[in-house]
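Here the structure is a predicted model, which means the values were calculated and not measured. Convention: sequence-line order gives letters A, B, ...; per-chain numbering from 1.
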Protein chains: 2
Amino acid sequence: MTDENLDQIIKALANPVRREILQWLKQPEQEFTLQPNGFEQCVCVSQIFAKSGLSQSTVSSHLALMQRTGLLSSQRRGQWVYYQRNEAVIREFTEQIQQTL
Amino acid sequence: MTDENLDQIIKALANPVRREILQWLKQPEQEFTLQPNGFEQCVCVSQIFAKSGLSQSTVSSHLALMQRTGLLSSQRRGQWVYYQRNEAVIREFTEQIQQTL
DNA sequence: ATGATATATCGGAATATATCGATATTTATA
DNA sequence: TATAAATATCGATATATTCCGATATATCAT
């Protein structure tokens, strides 16, 4: 992980909304009502939007930012875009920050 | 550690200048020229100021902020204020962030 | 093709952060 | 007590972040 990437990730995590979204994505089945579309373990933007109390555009921006940093990955399926945690990056970050700090 | 304190600490660490200062304070004897005052293992504001390339007031603000969060502790000795890492808080933070994330 | 739904992007407003110079405060010393 | 040195605080400015509504883009269904 480059210094720049580390910096981006810390900045991403400095926002409580983004940290909360990251939490929700830990156990999606507990946090979100299932979608009747056959992708129960995946979480699309509108589900997070519905839970967040923020505008759709704001939520979309937060998710896009976290994806740019590597914290999340996404895949489009039809009209939906599913976001999920990138556990490898998250783990790498926690190890790095523990060493660095 | 309260959620609010965790939030403050992450915000503090989101700044690269503050992270660098925290690094310098890991091994002060390697990073700073010793002061002829008998407190060689301590680091005062002006030493950090001299190394930073920033203004005295900016450095003072960064240090004050990190002290408020608990990342640093300080003690005044005469006209100098010595700052040092608060390893207990730093450790607690890394553990917490590892669990939380 | 048209309309509906999901997501992304744009532009702007409000708030937060970073930085500086000037000055106040604290302590030591002549 | 007056001066010097170290640190803290204040006020201002520049930049970054957060958020929204409006609109663009992509996909699906009719």
Once salt bridge (Lys or Arg N to Asp or Glu O under 4.0 Å) is applied, do any residues pair with B:Asp3, and if so which ones, sequence neighbours excluded? none
Opening and closing nucleotides of DNA chain C in contact with chain B, under 4.0 Å to non-hydrogen atoms: C:dT17 to C:dA28
Which residues share a salt bridge (Lys or Arg N to Asp or Glu O under 4.0 Å) with A:Lys51, sequence neighbours left out: A:Glu31
Short question: side chain of A:Thr100, backbone of A:Gln96 - any donor-acceptor pair under 3.5 Å? yes
Salt bridge (Lys or Arg N to Asp or Glu O under 4.0 Å) filter on A:Arg19, not counting sequence neighbours, yields B:Asp7
Nucleotide N/O of nucleotides 3-6 of chain D paired with protein N/O under 3.5 Å:
unit_1: D:dA5; atom_1: N3; unit_2: B:Gln79; atom_2: NE2; d: 3.4

What is the distance, rounded to the nearest whole Å, between atom CD of A:Gln75 and atom P of D:dT27? 14 Å
Run the numbers on A:Arg18 and A:Leu65 for side-chain contact (heavy atoms from CB on, under 4.5 Å), then give the verdict. CA-CA 9 Å; A:Arg18 287 193 288 263; A:Leu65 186 149; 3.8 Å; yes
With sequence neighbours excluded, residues passing side chain to side chain donor-acceptor pair (under 3.5 Å) with B:Glu20: none
Nucleotide D:dT7, atom P - distance to CD1 of B:Ile21 in whole Å: 13 Å
Taking side chain to side chain donor-acceptor pair (under 3.5 Å) as the test, write out the residues that go with A:Ser55, two or more places apart. A:Ser57, A:Thr58
Any residue of residues 7-16 of chain B with a heavy atom less than 4.0 Å from an atom of DNA chain C: B:Lys11, B:Asn15
Here the residues of residues 59-74 of chain B within 4.0 Å heavy-atom distance, strictly under, of DNA chain D are B:Ser60
Keeping B:Lys11 on the side-chain end and A:Lys11 on the backbone end, is there a donor-acceptor pair under 3.5 Å? no
Salt bridge (Lys or Arg N to Asp or Glu O under 4.0 Å) involving A:Glu92 - partner list, sequence neighbours excluded: none
Examine the side chains of B:Gln75 and B:Gln84 and answer whether a donor and an acceptor come within less than 3.5 Å of each other. yes
Side-chain donor or acceptor of A:Thr2 paired with backbone N/O of A:Asn5 under 3.5 Å: yes
Under the side chain to side chain donor-acceptor pair (under 3.5 Å) test, which residues partner A:Gln67, sequence neighbours left out? A:Ser74
Any N or O donor-acceptor pair under 3.5 Å from the base of D:dG21 to the side chain of A:Ser55? no
Salt bridge (charged side-chain N to carboxylate O under 4.0 Å, His left out): pairs with one or both residues in residues 63-72 of chain A, sequence neighbours excluded: none
